[in-house]
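Shown next, in structure tokens, is the structure this report addresses.
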Amino acid sequence: MDGGASSDSHISPKGKEEESNRTVLAILVGPPGSGKSTFCEAVISASRRPWVRVCQDTIGNGKTGTKAQCLKAAVDALNEGKSVFIDRCNLEREQRADFLKFCGSHTDMHAIVLDLPAKVCISRCVNRTGHEGNVQGGRAAVIVNKMLQNKEAPNLNEGFSRITFCQNDSDVKEVIKMYSELGPADKLSPGEFGKKSKKESGQQSIMKFFKKSAREENSQKEKEGASSSGNGAGNEFPTLAFPSISTADFQFDLDKASDIIVESAQDFLKRVDNVRLALVDLSDKSRIISLVREKVMKKGIDSNRFITFVGDITMLYSKGGLRCTAIANAANWRLKPGGGGVNAAIFKEAGEALDIATKERAETLNPGSSVAVPLPSTSPLYQREGVTHVIHVLGPNMNPQRPNYLQNDYTKGCKILRDAYSSLFESFASVACLERNKKPKLVELKDETSGESKKKENQEEVKSRNQNQTTTTSGKSKNKENREEVKSRNWGSWALALYNTAMDPEKYKDGLLEIADDFIVLNDLYPKARKHVLVLSRLNGLDCLEDAKREHLPILKSMHSAGVKWVKKFLSEDPSPHFRLGYHSVPSMRQLHLHVISQDFDSPSLKNKKHWNSFNTAFFRDSVDVIDEIEEHGSAKLSGEKLLEMELRCHRCKSAHPNIPKLKSHIAKCRASYPPHLLQNSRLLSASNNDLNIN
DNA sequence: GTTCTAGAAC
DNA sequence: GTTCTAGAAC
């Protein structure tokens, strides 16, 4: 494989050989309510390419349409040089087969799988009216459930050249955009995109949304294995390709660097399943590659999950058959294109789109940190290589010829390099949409992870506050502190405002939004976002989350419901914000209160690090998790106040920012999707959130 | 929790 | 010089 980053192959090889105006037959796959018709209409109204939507619900002119009618309409349209959407459920392989048979040599066969959660589809069906096929109202749930029982995900071996999976609304949006931008002569690159890993689909699907037989999966694996140029690994894992950080221009010691790469990777892979890391270097004489290979072998790291790869990081799929979800860029601190090496090559291949998308995320990068930038679908790296994200990462600089070098301080250098890899891998974990519930460590970023042991200590401390000091098994000098804390929790007079309100709401009723038997709702006096209310318990003695035990579950649940009710009310006035409901691990004000807060954090009262981190680190405990944990263990996990001193990171894209003003100007424009953790379990409530309709 | 302000960081 | 943080007082 040639190592040149500057070959001419950024022009898709397919682009040259294809005559213009090839047609596309795109089969939508998804149950009623998954948004097939909306998808088609959105693309058709925006596209320069002529599209025809063939819909079985409408093709019969009032009567129920047939598949045969759809086939005929599709073939007619293709013959006229138009591209076609097949808008019917197409959930079973057999249902799709006939359409694929008509695939002439001038037509690309695509599948677009709208793999949204079943409950979302059901709820949409139940709530809609005037549906073309009358799948709506009460009968919809039965129909959708039945259809979902035995469905098969489309497979390349059915004859599709491209299959795109959408798991959520933002995927759908992105794919609509991609198809809308497809000009008459353009072609999307072949392959499977956006597919969930096996583990994820197992965890997310309530009713085995798309069943796939083991036999099929194996044959698919064989197929992929055969075409993957003998790198020995199947292509089913999300893969991060990364160059060695700091060892080129920044002259980091190779031996030390290789240790850090291997250790960081091993640590990451231990904690995260279903991902793969690929260290990439241009030259097969690369010293860093051989050092890493040697150490990987010694450590017995799974060679399917950590690979070394010689090749151009911008052409891993097109030239090397290695499909990567994300590639890391050894960036400079200004996040500028150019320079040399990997940074120049990636910015060049990704096109201007990456520069623009990067600017939207962050202006600068600190050594030891990273920022993940989603690649616009127009980028050649996305279209040709199937790369969805570029993760910029900055390592330590040991080069005396460069400004701000570390003067051979390898204590500092090694720490920064470790931080850089940890941050890179964590960013990748977010990108790869990992299920992180079962591994609480993963929820934390690098810096939080390093604070993990401290956090544990803190939790223990908090726990032991409630115990008598005679339990001295691991007591040490903490006992003195404990004794003081056990005696009384000293609330300053300023910290009693909520308590006083809860005990005598009538006195303060002018400022209250709602007074119920067991809780009160009021606006936070210093709101940290456009919408920020408190649901305040009225129970005397329930001072904070630490006090909440099983007997408090009814009040916790009723506070939660009240919070959700107010979210609904806010969303009915303005559907744009997202909300979280949760408690501070260690509150400043006495009397248990639930924060209901919109995620814009656009407020002059949000002034310092503590404010930010109290809502955007594990210090903030989502109400849903608190209830689950108390149900399961009798108490909720608490995080220590150490987290409040953490570096400032955007709650959406996780980029780091040096101070509050910079962070605030960033979050005002950041539109990255929220971290996967927040998208689960209704931690994040929005107008499109189905749970709001059900509760 | 906020306000105030010294002094660190830029 | 200005901006921003962090600690003390309330």
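Just so we're on the same page: letters track the sequence lines, and every chain starts at 1.
Using a 4.0 Å cutoff on non-hydrogen atoms, the parts of residues 656-666 of chain A near DNA chain C are Asn659(A), Ile660(A), Pro661(A), ordered by number.
Checked against the 6.0 Å centroid threshold, His584(A) and Phe615(A) count as a close aromatic pair. Aromatic ring centres of Tyr410(A) and Phe252(A) lie closer together than 6.0 Å.
Distance CG/Leu513(A) to CD1/Ile520(A): 11.0 Å, rounded to 0.5 Å.
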Next on the checklist: Please determine whether salt bridge (charged side-chain N to carboxylate O under 4.0 Å, His left out) holds for the pair Lys557(A) and Glu631(A), giving the CA-CA distance in whole Å, both sets of side-chain angles, and the decisive distance to 0.1 Å.
Outcome noted: CA-CA 11 Å; Lys557(A) 287 179 179 172; Glu631(A) 257 168 357; 2.6 Å; yes
Checklist entry - Given the rule in the side-chain contact (heavy atoms from CB on, under 4.5 Å) test, do Gln599(A) and Tyr674(A) qualify, once you have shown the distances and angles that lead to the verdict? => result CA-CA 10 Å; Gln599(A) 298 295 293; Tyr674(A) 289 88; 3.5 Å; yes
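You'll find the side chain of Phe601(A) stays beyond 4.5 Å of the side chain of Leu663(A), heavy atoms only.
A nucleotide of DNA chain B counts as in contact with chain A when one of its atoms lies under 4.0 Å from a heavy atom; the first and last such, 5' to 3', are dG1(B) to dT3(B).
A side-chain contact (heavy atoms from CB on, under 4.5 Å) with Asn613(A) holds for exactly one of Met646(A), Glu641(A), Lys642(A); it is Met646(A).
Among the protein residues, His611(A) comes within range of the sugar-phosphate backbone only, with heavy atoms under 4.0 Å from sugar or phosphate atoms but none that close to a base. The residue Lys610(A) sits apart from the nucleic acid: no heavy atom pair falls under 4.0 Å.
A donor-acceptor contact shorter than 3.5 Å is absent between the side chain of His666(A) and the backbone of Lys662(A).
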